[in-house]
Amino acid sequence: MQLTPEEQEMLDGRHGRATQKAMQILAALGTIYGAERMIPVTSVQIAGVSYDNLGEAGLQFLSEMANGGGKVRVLATLNPAGMDMENWQALGIPADFAENQGRVIEAFARMGVVTTCTCTPYLIGNVPHFGEHIAWAESSAVCFANSVLGARSNREGGPSALAAALTGRTPAYGLHLDEKRQPDLTVQLKARPKGTHEFGALGKIIGQKMEAYERKPIPYILGIEGAGLEELKSFCASLATYGGAALFHMEGVTPEAARFPPPEASLSITQAELQAAIRSLNLAEEEAVDFVSLGCPHLSIQEIARIAELLRGKKVTKEFWITTARPTKQIADRMGYTQIIEASGAKFAADTCCVVAPIQGRFQVMATDSAKACYYAAGKNKFKTVFKSFDEVVLEAIS
Ligand code: F3S
């Protein structure tokens, strides 16, 4: 790889141990993927924040980077942690876990990372613009940034994203390059998805179809009549989960779609397939729900406003977590939504989510509108899932 003099200095250790380690990680990645050079990045999203996923080994790596003088050079935010950093006791998080999670956040803080923990950084100020090179590690957010915002990111891992933050660089390969952003599969939609859960189910179908290809195609989706921010957020999370996608184009919706003609290779998706996908996620319809969760990916303020509207003057009958970024919760506080929601008995779980919190075994059946949450709730947390529309999930909590 061709390095600039400053990048070579980083690699030689002249900017400290942590920066050297970071540049070593990036140089190794660049060599593996055949990058010819590094490119500057302006924004980073770091995953691998929950102590539940990191464990002691992950925490030790972070501590070493912080002790080695690591300091971020660009705006860097964090993925959800394993708990609400302020209100963890009310959510039943054990004290020893809280202590370890605090050590993780402290290590990031020492490196200058903005310790706002969310998987929707684009809703709270970490918003790259069209064509901007970034290094993000949250799969749903990477898909959103590439596709909906038109920014450019590979799907980074936790260490490579941190390395990008500490150096302000990433190797120039993959989705940073024009030619790697071309679609190669037309998806003709003959279904009419509406709402977050149907867009999530659509992401599952397309994602699973992509899995059948040896080299994962970049889909070019035709036939969407319109998609709102929350629907796209849900779609991105699902497509990334079930198909490993980091980029799609959607005619009339995403900014790069007009640059390309629809590819010749094509498949179609019918309304019947969409209904079947919804049923496939609804695995416990007849069973009693004991956990309700909305906010995968983290909720927007509009979604919180809708929950408040539906819960006003009602009482929830089940554990109900509302997961969002802390800055979004602070807007909800100011708007009076928090007071309405908490009066119902529902709980805000800021900074965290139903997947990365250490809640395996605490619940049996979870109601959600998120196809991604269904995947991980079943896999990681061993919950059965009831998959419904956003409003129906809120109603489930008070039924
Ligand atoms: Fe975000 Fe957790 Fe879902 S990190 S995308 S809310 S699994």
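First listed ligand is number 1; within each ligand, the first listed atom is number 1.
Side chains of Ser399 and Lys318: a donor-acceptor N/O pair is present below 3.5 angstrom, by distance only.
Screening residues 162-181 for salt bridge (charged side-chain N to carboxylate O under 4.0 Å, His left out) gives Glu6-Arg169, Glu7-Arg169, Arg152-Asp178, Arg181-Glu256 as the qualifying pairs, with residues at least two apart or on separate chains. Here side chain to side chain donor-acceptor pair (under 3.5 Å) pairs that include residues 42-54, with residues two or more places apart or in two chains, are Thr42-Glu132, Ser43-Asn126, Ser43-Trp136, Gln45-Thr77, Gln45-Asn79, Tyr51-Glu56, Asp52-Gln360, Asp52-Lys380.
Around atom 2 (Fe) of ligand 1, the protein atoms of type N, O or S found under 2.8 Å away are Cys353 SG, listed by chain and number.
The shortest side-chain heavy-atom distance between Phe248 and Leu239 falls under the 4.5 Å cut-off.
Environment of CD in Glu211: crowded, with over 12 heavy atoms of neighbouring residues, nucleotides or ligands closer than 6.0 Å.
Qualifying salt bridge (charged side-chain N to carboxylate O under 4.0 Å, His left out) partners for Glu198, counting only residues two or more places apart in sequence or in other chains: none.
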